[in-house]
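As structure tokens, the structure follows; a few thoughts come after it.
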Protein chains: 2
Amino acid sequence: MAKVGIKDIARIANVSLATVSRTLRTPDLVSEETRLRVLNAVAESGYKPNRMGMNLRTQRSGNIMVIIPDITNPFNSGIIRAIEHEAQQHGYAVLLGDTQSNPERERQYVDLVEAGQADGLLYFSGRNPFTINPDRPIKDQLPAMVNSNEELDLEGISKVIVDNEGASKEAVNHLIDLGHRRIAAITGPLSTVSTQRRLEGYREALTEAGITVDDKLICEGNYQVESGIELTERLLQFKQRPTAIFCFNDDMAIGAVNVLNKNDYRVPEDMSVIGFDDILYSKVIQPALTTVAQPVEDIGRQCIQALIAQMNDKTLEPTYLKLPLELVIRDSTGPAPS
Amino acid sequence: MAKVGIKDIARIANVSLATVSRTLRTPDLVSEETRLRVLNAVAESGYKPNRMGMNLRTQRSGNIMVIIPDITNPFNSGIIRAIEHEAQQHGYAVLLGDTQSNPERERQYVDLVEAGQADGLLYFSGRNPFTINPDRPIKDQLPAMVNSNEELDLEGISKVIVDNEGASKEAVNHLIDLGHRRIAAITGPLSTVSTQRRLEGYREALTEAGITVDDKLICEGNYQVESGIELTERLLQFKQRPTAIFCFNDDMAIGAVNVLNKNDYRVPEDMSVIGFDDILYSKVIQPALTTVAQPVEDIGRQCIQALIAQMNDKTLEPTYLKLPLELVIRDSTGPAPS
DNA sequence: TTGTACGCGTTATCAA
DNA sequence: TTGATAACGCGTACAA
């Protein structure tokens, strides 16, 4: 017995193809008697409507493409999980595009969306992968999409972002309140918008407190544990060492704490460390990390909801959602050493 | 200007639909002159062949479905990343099915595969989601698929698994060699095959060393950090405390180390801890975790290669691949306290 | 309430 | 080397 198709069902139930289709899509239009007959045939044969036929006919793939730099990062994987759940609830499946921040791969996945393999796009990168014609309305040239995490410099699309600058400022102020004045920053790539915003918050907080920003204390990392390790090692060699390190994500902060522990620095007595993201592991390392908590669940949920709104009606005005962040004070920050 | 389709290209290049298609799929069959003309039209108009039409016609979706319990676990996300890269290299996109071990969701995603939304299935669960008719050949009732991580009790499918039992035995032997005799185990769910195998290795090692297995020292966890925390707390209350804890994954081991640190147990002087998976964070916590390294990259790559082989020729014999594991000795294990 | 017939966009077959 | 046309599997407008 080969693959069972809609015409097999029609034959078994002794109805037309159309009636089979109707029974499955709009049961109300079918008499109870024939409906049961059809459903029986479906159940017994294990018939499943072929999605390719259905997709082509309805012009919907049922997929949502998620383009994200690195699914291995717990912050990202948390978002993906939330997205996946919410999408599934709405009847969509998630196509995963892990790009490792490679522009070429970003483009390839965007191509897939534009070819109709997905009905909408969740875009977590700040690089613009579209080639747009400035003479025509932007929105006609873009798929239904929502941008998040790394803000994209593009009008007319919905965005779900977080208050990077404000949270960064709050984090630094927390350190200043504890008496720190030499506060280092281990940033992400300076090319990312998240890092730019967090750096602004960092500078603002220092400036407002009357502390001169020392550019030597600003080290460009790449959001990976290893760069947290390397840059902390470099900071420890400074003659004028900082008394606190603000890492722009938890992975790098975990790397920093590791180096400090290894070199017999006590955290926070000798050096305070602060992170960003509040990933699971920041709670369970020693000492537990003071960090900025991101509303991972909410980001994922809001992204899907905004995207579905756009997919249902592309003429809708794009939405701009800015979510608050929360500083979570744990054990890795303390008074500056005297 | 609305969506540009194949017939637009045909009109612009002044050829038939068939020639446009040929130019894109089998350029060799087209004369250089017309080919250039078509390619020009394609480039200028930004035409992208519609995947839904193409999929229906070729009976290929270009997708691979990955069903996995929890993408938030670094071990899983590592595998997914490897899968995604390898799949992309072969021209496939990855459909992500994060099920949270929910059987209903496993079924839903399998349905999607059977409906043709994906050409193949990577299945990382030990629960059988298929309803098979024992009278007919099993292989005809299953999609092209590969099973990994949690071994599925099902004949006729390819598998990529690791030597859980052997590695577990090696880990426990390492502790025994260090003089430990009261060795606790914090397992995953007893319903999972991975836990069953690791438990076998644990028992074997103890038995062969002449140590009686004490069932009170075997605690059923769920592979999450929290359960590592809870169960370690419980173990510490025992009158006859163990001197070592073998956690069946790193997340729980990290939870265990956290509890031990908090309660002023020194690791490994007072208590040894061993993990499983070798996730990134096990290297950077204090102390660095002794653990069993899983070949994450290799698992992902082998899965895709085995799957593609099946997709290309479903009559192929299923392959059974058993990958070795490696005990990585770091700082969380040491001689048993006297 | 049901059936007929068309079309979604593409590729493959066949004939020219 | 190219073009006309059928077919992939389904949903729906229209007619009955």
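Keep in mind that the numbers below use all heavy atoms, side chains included, and drop hydrogens, waters and symmetry copies. Note on naming: letters A, B, ... go to the chains in the order of the sequence lines (proteins, then strands), and numbering restarts at 1 for each one.
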Have A/Asn55 and B/Gln117 got a donor and an acceptor in their side chains that come within less than 3.5 Å? yes
Starting the side chain at C-beta, find the nucleotide from D/dT2, C/dT4, D/dC10 nearest to A/Pro49. D/dC10
C/dT10 C1' sits how many Å from B/Lys48 NZ, rounded? 17 Å
Contact class for B/Thr34 (heavy atom, under 4.0 Å): base, sugar-phosphate, or nothing? sugar-phosphate
Touch class at under 4.0 angstrom, heavy-atom based, for B/Arg51 against every strand present: nothing
Nearest-Å distance for atom pair CD/P, residues B/Gln59 and C/dG9: 18 Å
Mind checking the CG-CZ spacing from A/Asn76 to B/Arg81? Nearest 0.5 Å is all I need. 11.0 Å
Residues, nucleotides or ligands: over 12 heavy atoms within 6.0 Å of A/Asp313 CG: yes
Enter the distance from B/Ser148:OG to B/Ile83:CD1 here, rounded to the nearest 0.5 Å. 7.5 Å
Rounded distance [0.5 Å steps], CD1 in A/Ile71 versus CD1 in B/Ile80: 5.5 Å
What are the two closest heavy atoms between A/Ala115 and B/Pro49, and how far apart are they? CB-O, 3.6 Å
Could you check how far CG of A/Leu29 sits from C1' of C/dT2, rounded to whole Å? 11 Å
Base, sugar-phosphate or nothing for A/Ser21? Non-hydrogen atoms, less than 4.0 Å. base
If you measure only the distance, is there a donor-acceptor pair under 3.5 Å linking the side chains of A/Ser125 and A/Glu150? no
Contact class for A/Leu17 (heavy atom, under 4.0 Å): base, sugar-phosphate, or nothing? nothing
Take the C1' atoms of the five end pairs on each side of the helix from C/dT1-D/dA16 to C/dA16-D/dT1, derive the two axes, and give their angle rounded to 10 degrees. 40°
The answer to which of B/Arg37 and B/Leu56 contacts DNA chain D further toward the 5' end, by nearest nucleotide, is B/Arg37
Grab the NZ-P distance between A/Lys7 and C/dG3 for me, whole Å please. 17 Å
Taking the side chain of A/Arg57 as heavy atoms from C-beta outward, which of D/dC8, D/dC10, C/dT2 is closest to it? D/dC10
Tell me whether the OP1 or OP2 atom of D/dG9 has a side-chain N or O from A/Tyr47 closer than 4.0 Å. no
Let me know the distance between CZ of A/Arg25 and P of D/dT12, rounded to the nearest Å. 9 Å
Among the candidates D/dT2, D/dC10, C/dT11, find the nucleotide nearest to the side-chain atoms of B/Arg22. D/dT2
Write down the distance between CG (A/Asp28) and P (C/dT1), rounded to a whole number of angstrom. 10 Å
Report which part of the nucleic acid A/Met54 touches: base, sugar-phosphate, or nothing (heavy-atom distance under 4.0 Å, all strands). sugar-phosphate
Minimum heavy-atom distance between B/Gln141 and B/Glu114, given as atom pair plus value: O-OE2, 4.4 Å
Please report the distance, rounded to the nearest Å, between CE in B/Met52 and C1' in D/dA7. 19 Å
Counting just side-chain N and O atoms, does A/Ser31 come under 4.0 Å of either OP1 or OP2 of C/dT2? yes
Without decimals, in angstroms, what is the distance between A/Glu32 CD and C/dT2 C1'? 17 Å
